[in-house]
Amino acid sequence: MFLLSLLPAFAGEAAPSAPPEAPPAASTPAEPVPAAPPPPADAPPPPDFSAIAAPEPAPQQIFPGMMNPSMSFNGLFLAGAQLNDGELAAPHLGGEAGESAFPMAGESYGTGLNVQEMELQILSNVDPYFRANVVLAIPGLEGIEIEEGYVQLVSIPATTVTIGKVKGAFGRENLTHTHALLTVDKSLVGQAIFGGEGLNDVAVNAAVLLPTPWYSEVTAQVDRGSNELLFNSGKPEGFGYLAHWKNQFDLSYDTSAELGVSGTAGENDAGGWSKVGGVDLTLKSHGRGRHQFNRVIWQSEFMFMSRDGADARDLGGVYSTLEYSLDSRVWVGARYDYLGIAAGAEDQAQAASAIFVFAPTEFSAFRVQAQRQWVPGGHTVDSVVGQLDFTIGVHPAHSY
Amino acid sequence: MTLLLSLIVASGEANATVNIVTSTQDLAALATAVGGSDVKVDYIARGDLDPHFVDAKPSYMVKLAQADLVLAVGMEMEVGWMPSLLTGARNPKVAQGSAGYLDLSSTVKKIEVPSGSIDRSRGDLHPEGNPHYWLDPENGRLMARAIAAKLTALDSAHSADYAKNLATFESTLTTKEAGWAAKMAPLKGSNVIGYHSTFNYFCHVYGMNVIGFVEPKPGIPPTPAHTLEIGQAGKAAGVKWIFVEPYKDPKDAGPIASMTGAKVLAMPTSVGAETTIKTYFDLFDALVSRVAG
Ligand SMILES: [Zn+2]
């Protein structure tokens with residue numbers, strides 16, 4: 001909490017901030033530019049304190065257009081067909097989480113046409129200290145919800161403090177927007193533990209980049225603990241707690257590995273505590289020169305939930321995706337899901353999915369997914385889903 | 001509080017040299033030429049890769065987190081990756097708009113700046129004009145001057161070194177330019193086809209005409225109809241070469257080559273595109289010798 005205690009102090013000192021530094025005279029630069037104040041790094045220690053008290057007055061401009069926030073709109077349309085061999089609950093197409101063929105198997109996609117999601121993202125700097133991001137989502141054409149809405153303190157070195165409704169930094173899948181997933185749906189284990197919308201709550205978190213030679217980031221979060229499947233104690237002090245340690249190493253310029261460890265815990269609605277731990281491992285590689293777009297990505301996550309209280313139970317699972325890009329526009333992939341580690345037969349499920357993606361540009365993509373789910377009772381659910389994805393507005397950031 | 005302060009003090013120490021991170025290897029070569037021994041230079045996009053499409057790898061955030069100065073091409077060349085890298089770097093010193101961030105497009109002579117309305121139906125790449133401006137050696141001069149000015153502002157203690165390095169760079173460039181111009185003179189008026197508009201600055205400088213592109217629109221792969229159209233136009237114009245970037249497939253230019261009789265030439269686009277191209281001068285030496293022998 002020492003970061004929060006810093007807030008009033010720096011807000012008070014910020015008012016008499018230095019006048020904006022003139023940009024260098026680029027057209028006549030052969031002559032030395034009028035001596036600017038030495039950079040904070042060259043000043044005697046503590047050199048960067050001034051950077052906290054009075055950061056560079058120019059805002060961190062993410063995209064052109066200083067006064068208008070950057071906006072983008074993303075839509076996902078679905079068309080699907082489903083074949084079931086048994087007596088299953090009525091399948092749906094792209095609706096809310098939980099309305100699945102069986103309660104723990106996650107979403108499946110029925111026959112028909114639907115809108116999976118419409119999303120409006122608004123991103124801007126608030127002032128030199130804060131950045132704000134709002135994502136309004138219309139899931140399945142019904143209602144509008146604030147999928148994310150937060151401000152971030154971005155003016156202190158090495159640390160980002162986020163306040164608002166955010167996706168929890170648990171593993172990789174939970175942080176990924178639906179349209180950026182390899183697959184049409186989320187993993188069985190992710191949906192079974194966190195629900196279709198994932199771990200997404202009103203929170204305060206700090207993400208610190210550690211001073212290591214590789215990328216190492218620690219995130220600590222306190223949230224409302226309102227996830228319905230996991231926490232939801234109903235008590236005002238029933239917080240959820242989350243920690244995430246993300247590491248990324250370059251094995252060579254073209255090949256990298258990412259290893260993450262995550263944990264979250266909070267009081268549940270059955271008088272006990274729910275705890276979830278996870279490990280994620282991702283390997284990525286691409287070629288040189290004209291093979292730049294021939295990429296292989298292998299991503300796996302293991303998650304384990306332990307719940308005590310009146311309905312105590314354990315549930316673990318794993319998913320693994322493999323993706324290969326033939327060129328910048330075409331890629332193929334597969335996912336395997338296993339759910340039911342340390343669980344009873346009623347929680348056992350597996351799924352195998354094959355995915356083909358054609359992305360004409362970075363702004364549009366067409367995806368086909370064929371999936372078989374093996375659900376309890378010896379049933380299988382087969383589905384084929386097509387998804388059309390479009391983005392308008394500011395250029396999307398390349399996710400990694 | 002104490003923890004945070006000690007962390008900041010630690011990160012601010014040992015900065016006798018200016019730590020520069022550039023988006024491309026061309027900018028790194030220029031920064032090395034101007035900064036000399038007073039700077040430490042690292043880059044993000046290796047020269048054999050398409051700089052429009054770079055992974056926003058977290059390890060690059062680590063480089064940017066330790067940087068005193070970031071050099072970027074600008075003109076939306078890095079729009080897909082630099083903003084997220086800078087956000088992840090958590091280094092207010094080099095945030096876009098701050099003194100430690102230099103967008104070099106503000107200093108150069110640009111071509112193909114669109115007038116009228118721009119829309120992504122025209123392809124998704126060059127909304128602010130052609131960003132491959134480092135392939136005009138005079139722009140290299142302007143960029144080197146801007147880097148020297150920025151280094152002088154950030155590190156005035158070494159301003160004499162920067163002025164001296166810049167003068168050396170400029171005089172070598174002037175000599176080199178005369179040699180390149182002499183070799184390229186007979187090619188003035190030649191017609192060529194590009195894959196993408198990467199070599200438009202280079203052709204513009206030496207009076208070669210780019211009559212069309214293998215790709216129908218920036219960032220859009222070739223289509224049969226466009227290939228036929230450009231092949232016919234190329235044949236009529238007597239096209240000499242089809243220039244292909246190291247990150248494009250020369251096979252895509254094959255049909256046009258056989259229609260026109262033009263030669264497909266793999267051309268380096270950046271320092272580092274080939275292992276022998278280590279400096280900004282090496283890049284033009286390679287380009288000039290490839291077309292003019
Ligand atoms: Zn381009």
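Given the structure is predicted, the values throughout are model-derived calculations rather than measurements. Each chain gets a letter, A, B and so on, in the order its sequence line appears, and its residues count up from 1.
For the residue pair B/Q66 and A/T212, the shortest heavy atom distance occurs at NE2-O, 4.4 Å. Minimum interatomic distance between A/A207 and B/R90 (heavy atoms only, all atoms of both residues): O-NH1, 3.2 Å. The shortest heavy-atom contact between B/G88 and A/L209 is O-CD2, 3.9 Å. Counting all heavy atoms, side chain and backbone alike, B/P92 lies closest to A/P157 at CD-CA, 3.9 Å.
Neither the backbone nor the side chain of A/S328 has a heavy atom closer than 4.5 Å to any heavy atom of chain B. For chain A, no part of B/L69 is nearby; none of its heavy atoms comes within less than 4.5 Å. Residue A/F249: no heavy atom, backbone or side chain, is found under 4.5 Å from chain B. With a threshold of 4.5 angstrom between heavy atoms, B/Y101 does not approach chain A through any atom at all. Neither the backbone nor the side chain of A/H291 has a heavy atom closer than 4.5 Å to any heavy atom of chain B. Looking at B/A144, neither its backbone nor its side chain comes within 4.5 Å of chain A, counting heavy atoms on both sides. Heavy atoms closer than 4.5 Å to chain B are found in both the backbone and the side chain of A/T160.
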Can you check side chain to side chain contact (heavy atoms under 4.5 Å, CB included) on B/T87 and A/V154, steps first, answer last?
CA-CA 8 Å; B/T87 301; A/V154 292; 5.8 Å; no

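Annotation: the span from B/K248 atom NZ to A/F293 atom CZ amounts to 6.5 Å, rounded to 0.5 Å. Annotation: the span from B/H52 atom NE2 to A/E362 atom CD amounts to 10.5 Å, rounded to 0.5 Å. One distance of note links OH of B/Y195 with CZ of A/R290; it measures 10.5 Å at 0.5 Å rounding.
Heavy-atom pairs under 4.5 Å with chain A peak, among B/P221, B/G47, B/A65, at B/P221.
Using a cut-off of 4.0 Å between Lys/Arg side-chain N and Asp/Glu carboxylate O, B/D55 and A/K284 are scored as not salt-bridged.
At most 12 heavy atoms of other shown residues, nucleotides or ligands fall within 6.0 angstrom of atom NZ in B/K40.
Between B/P58 and A/K246, the closest side-chain pair of non-hydrogen atoms falls below 4.5 Å.
The backbone N or O of B/R46 lies less than 3.5 Å from a partner atom in the side chain of A/Y253, making a donor-acceptor pair.
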